[in-house]
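Have a look at the structure below, then the notes.
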Amino acid sequence: MNIKLSIILILSLLNILPIAAQQVKFGVEAGANLSHYLASQKHTAEQTGGMKAGFQVGATVDYEFKKHWTLSTGLTLLQNRSTMKFSPYMVTHFPKTDTKINNLILPLKIGYNFHITERFCLMPSIGLYAAYGFSAGSSSLEIVQPDGEGARTETHQWNPMKGYSYPIEGSPNNAHALLTPFRHWEYGGTAGLKAIIAEHYTVSFNYMVGIKQVHDLLGLRNSNFQLNIGYRF
């Protein structure tokens, strides 16, 4: 199904839900995340170092129905980062490449609200998300250049959403080292656990994993762990 049509259907559903819901809670939350990319092709992309820290901030909407079933959505601005070795065309031109991308995340999750006590609830949930990625500015990139009989490594700047092209010195036909841009739209699965304290305060843990690749040439999918604190009105 076309992702834009899916978003329209989700928004239409959200207009109907308040009528059927027993309780609707709006909230805000912010926190930190750890992210990297899952690579389906080890010979073209490989993570270097550990996961990278980013941040997120957003608004949430929780609908609670009879018997405590829930439907959760919202909109989050999330910045994810990663450091990887990229070998497009099975040649290592980029031994250490940083990426930094902003994302607007729209999740839709079903869950259940376990009322442990009057002042403490646990709400596990699972569902899907749609995301739109856009520029977070320049990131550093290392590129291997021929140097006589050997090679040297230079550091440059690049924008992952615009890609990167650089002429390889001494190569025939003026060949370029090329990284195609990351895609804007992607979608995937998400699961989480939210603790609700004294009706208003929240602490939540979420995991997101991409289904749609964010870079076809390198075979990359998003993977992101998030920890948030928030307030429900």
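Every value quoted in this text rests on a predicted model; they were computed, and no experiment measured them.
- Note that OG of S138 is 8.0 Å distant from NZ of K162, once rounded to the nearest 0.5 Å.
- The two atoms that bring P95 and T48 nearest to each other are O-CG2, 4.2 Å, heavy atoms only.
- Heavy-atom minimum distance, I211 versus R221: O-CD, 3.8 Å.
- For CD1 of I197, the number of neighbouring non-hydrogen atoms (other residues, nucleotides, ligands) closer than 6.0 Å is greater than 12.
- Contact check for F134 versus L104: side-chain heavy atoms found under the 4.5 Å cut-off.
- The minimum heavy-atom distance linking L227 with Q56 is given by the pair O-NE2, 3.4 Å.
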task: Could you please spell out the steps behind the side-chain contact (heavy atoms from CB on, under 4.5 Å) verdict for L217 and F86?
output: CA-CA 10 Å; L217 175 63; F86 291 149; over 6 Å; no

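- Inter-residue side-chain proximity for F94 and W158 is flagged as unmet; no heavy-atom pair is nearer than 4.5 Å.
- In this structure, H215 contributes its side chain and T180 its backbone to a donor-acceptor pair below 3.5 Å.
- Counting only distance, with no hydrogens or angles, the side chain of T60 and the backbone of G74 share no donor-acceptor pair below 3.5 Å.
- Between the side chain of R81 and the backbone N or O of A53 there is at least one donor-acceptor pair closer than 3.5 Å.
- Atom CD of E64 sits about 9.5 Å away from atom OG of S72, to the nearest 0.5 Å.
- For the pair E154 (side chain) and V144 (backbone), a donor-acceptor distance under 3.5 Å is absent.
- Side chains of K109 and N206 form a contact here, defined as non-hydrogen atoms less than 4.5 Å apart.
- Checking Y164 against Q157 by side-chain atom types alone, no donor-acceptor pair falls below 3.5 Å.
- Counting only distance, with no hydrogens or angles, the side chain of N33 and the backbone of F55 share a donor-acceptor pair below 3.5 Å.
- Within a 6.0 Å sphere centred on OH of Y231, heavy atoms belonging to other residues, nucleotides or ligands number more than 12.
- Under a hydrophobic clustering in which Ile, Leu, Val, Met, Phe, Trp and Tyr are joined whenever their side-chain heavy atoms come within less than 4.5 Å, directly or via other members, F120 and F114 fall into the same cluster.
- Taken together through direct or relayed side-chain contacts under 4.5 Å among Ile, Leu, Val, Met, Phe, Trp and Tyr, Y201 and L122 form part of one hydrophobic cluster.
- Under the rule for a salt bridge (charged side-chain N to carboxylate O under 4.0 Å, His left out), the partners of R183 that lie at least two apart in sequence or sit in another chain are D216.
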message: Pair Q226, L78 - check side-chain contact (heavy atoms from CB on, under 4.5 Å), show working.
response: CA-CA 10 Å; Q226 306 157 29; L78 178 147; 3.5 Å; yes

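- More than 12 heavy atoms of other residues, nucleotides or ligands sit less than 6.0 Å from atom CD of Q41.
- Residue D98 holds its CG atom at 11.5 Å from CE of M84, rounded to the nearest 0.5 Å.
- The side-chain heavy atoms of N222 and S35, taken from C-beta on, include no pair separated by under 4.5 Å.
- Hydrophobic clustering keeps I126 apart from F205 (ILVMFWY residues linked when any side-chain heavy atoms are closer than 4.5 Å, directly or through intermediates).
- With hydrogens and angles disregarded, no donor-acceptor distance shorter than 3.5 Å links the side chain of T70 to the backbone of N113.
- Residue I229 places its CD1 atom among 12 or fewer non-hydrogen atoms of other residues, nucleotides or ligands, all under 6.0 Å distant.
- At a threshold of 4.5 Å between non-hydrogen side-chain atoms, the residues T190 and M208 count as touching.
- For the ring-ring contact (aromatic ring centres under 6.0 Å, His included) test, residues two or more places apart in sequence or in another chain that qualify with Y207 are F225.
- Contact between E186 and G210 at its shortest, heavy atoms only, is OE1-CA, 4.0 Å.
- No path of Ile, Leu, Val, Met, Phe, Trp and Tyr side chains, each step under 4.5 Å between heavy atoms, connects L193 with V209, placing them in separate hydrophobic clusters.
- Taking each heavy atom of M161 and P181 in turn, the nearest pair found is O-CB, 3.4 Å.
- Connection of F65 to L108 is established within a shared hydrophobic cluster, with ILVMFWY side chains joined at heavy-atom distances below 4.5 Å, either directly or through further cluster members.
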message: Working note: N159 + S135, criterion side chain to side chain donor-acceptor pair (under 3.5 Å); need CA distance, chi angles, decisive distance, verdict.
response: CA-CA 7 Å; N159 186 325; S135 176; 2.9 Å; yes

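- Ring planes of F182 and Y37: tilted class, angle from 30 to 60°.
- By the 4.5 Å heavy-atom criterion applied to side chains, T202 and N228 are not counted as neighbours.
- With N103 contributing its side chain and I101 its backbone, the two residues share a donor-acceptor pair below 3.5 Å.
- To the nearest 0.5 angstrom, R119 atom CZ is 13.5 Å from I196 atom CD1.
- To the nearest 0.5 Å, atom NE2 of residue H200 and atom CZ of residue R232 are 9.0 Å apart.
- Between L38 and S223, the shortest heavy-atom contact is CG-CB, 3.8 Å.
- Sparse packing is recorded around NZ of K96, with 12 or fewer heavy atoms of other residues, nucleotides or ligands lying under 6.0 Å away.
- In terms of modelled atom types and a separation under 3.5 Å, the side chain of Y132 and the main chain of L106 share no donor-acceptor contact.
- Distance SG/C121 to NE2/H115: 4.5 Å, rounded to 0.5 Å.
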